[in-house]
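Written out below as C-alpha cells is the structure these notes cover.
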Amino acid sequence: ILLLDTPLEYKKGESQTNVEITDEEDWNTLLKMEEDYVENMCMEIIAFKPDIVITEKGVSDLAQHYFAKANITAFRRLRKTDNNRVARATGATIVSRTDEIRESD
C-alpha cells in the first residue's frame with residue numbers, strides 16, 4: 001500500500017495564469033506537457049509495484065489508465081484522518097511527493 005497526500009493529476013497554477021494559444025501546435029504542446037507530467041508521476045509510483053495507491057487528493061483519468069495497466073488500484077480523496085488511520089494500521093508512511101517515495105514507505 002502506498003499512501004499519498006499529493007494529487008495525481010496536472011497541477012493548475014495557484015496564481016491566475018493566462019496562456020495565449022495561436023495555433024493548434026501550441027495547444028498540442030501544452031497537452032503533451034500535462035500528459036508527460038502525469039505519466040512521470042505514475043511511472044515513479046509503478047516502479048515500486050504497490051497493489052494499492054491511496055491519496056487525499058484527486059487522481060486524473062490518465063493516471064487511472066496507467067494504474068489499471070499496471071494492476072494497481074487507486075483510491076482518491078480519502079480524508080486526512082482516514083489516511084492517518086490506514087498509515088497506523090499498515091505501518092506505511094504518507095508521502096508528499098512522488099519523487100520522495102522509498103521502498104520503506
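For the numbers below, each heavy atom of this structure counts, side chains included, while hydrogens, waters and symmetry mates do not.
- Although no hydrogens or angles enter the test, the distance criterion places no donor-acceptor pair under 3.5 Å between the side chain of T73 and the main chain of I52.
- Nearest heavy atoms, R102 versus F48: C-CE2, 3.7 Å.
- Between N83 and E56 the shortest heavy-atom distance is ND2-OE2, 2.9 Å.
- Residue L62 is grouped with residue I45 when hydrophobic side chains (ILVMFWY) are merged at heavy-atom distances under 4.5 angstrom, including chains of intermediate members.
- Checking side-chain atoms of N84 against main-chain N and O of K80 turns up a donor-acceptor pair under 3.5 Å.
- Taken to the nearest 0.5 Å, the CE atom of M33 stands 13.0 Å off from the CG atom of N28.
- In this structure D99 satisfies the salt bridge (Lys or Arg N to Asp or Glu O under 4.0 Å) test together with R97, sequence neighbours excluded.
- Here CD of E100 is found 10.0 Å from CD of E44. Values are rounded to the nearest 0.5 Å.
- Applying the ring pair (Phe, Tyr, Trp, His ring centres under 6.0 Å) test to pairs two or more places apart or on separate chains, none has a residue in residues 53-102.
- Across every non-hydrogen atom of S96 and T6, the tightest pair is O-CB, 3.1 Å.
- If you take CG on L78 and CZ on R85, they are separated by 10.0 Å, rounding to the nearest 0.5 Å.
- Closest approach of V59 and R76 over heavy atoms only: CG2-CB, 3.5 Å.
- Side-chain contact check for I72 versus P50: some heavy-atom pair is nearer than 4.5 Å.
- In terms of heavy atoms, E9 sits closest to S60 at CB-CB, 3.6 Å.
- Atoms CG and CE, from N40 and M43 in turn, are 9.0 Å apart once rounded to the nearest 0.5 Å.
- In this structure, D82 and I54 have side chains that are not in contact, with every pair of non-hydrogen atoms separated by 4.5 Å or more.
- Counting all heavy atoms, side chain and backbone alike, L3 lies closest to A92 at CD1-CB, 3.8 Å.
- Taken from CG in L2 to CD1 in I46, the straight-line distance is 11.5 Å, to the nearest 0.5 Å.
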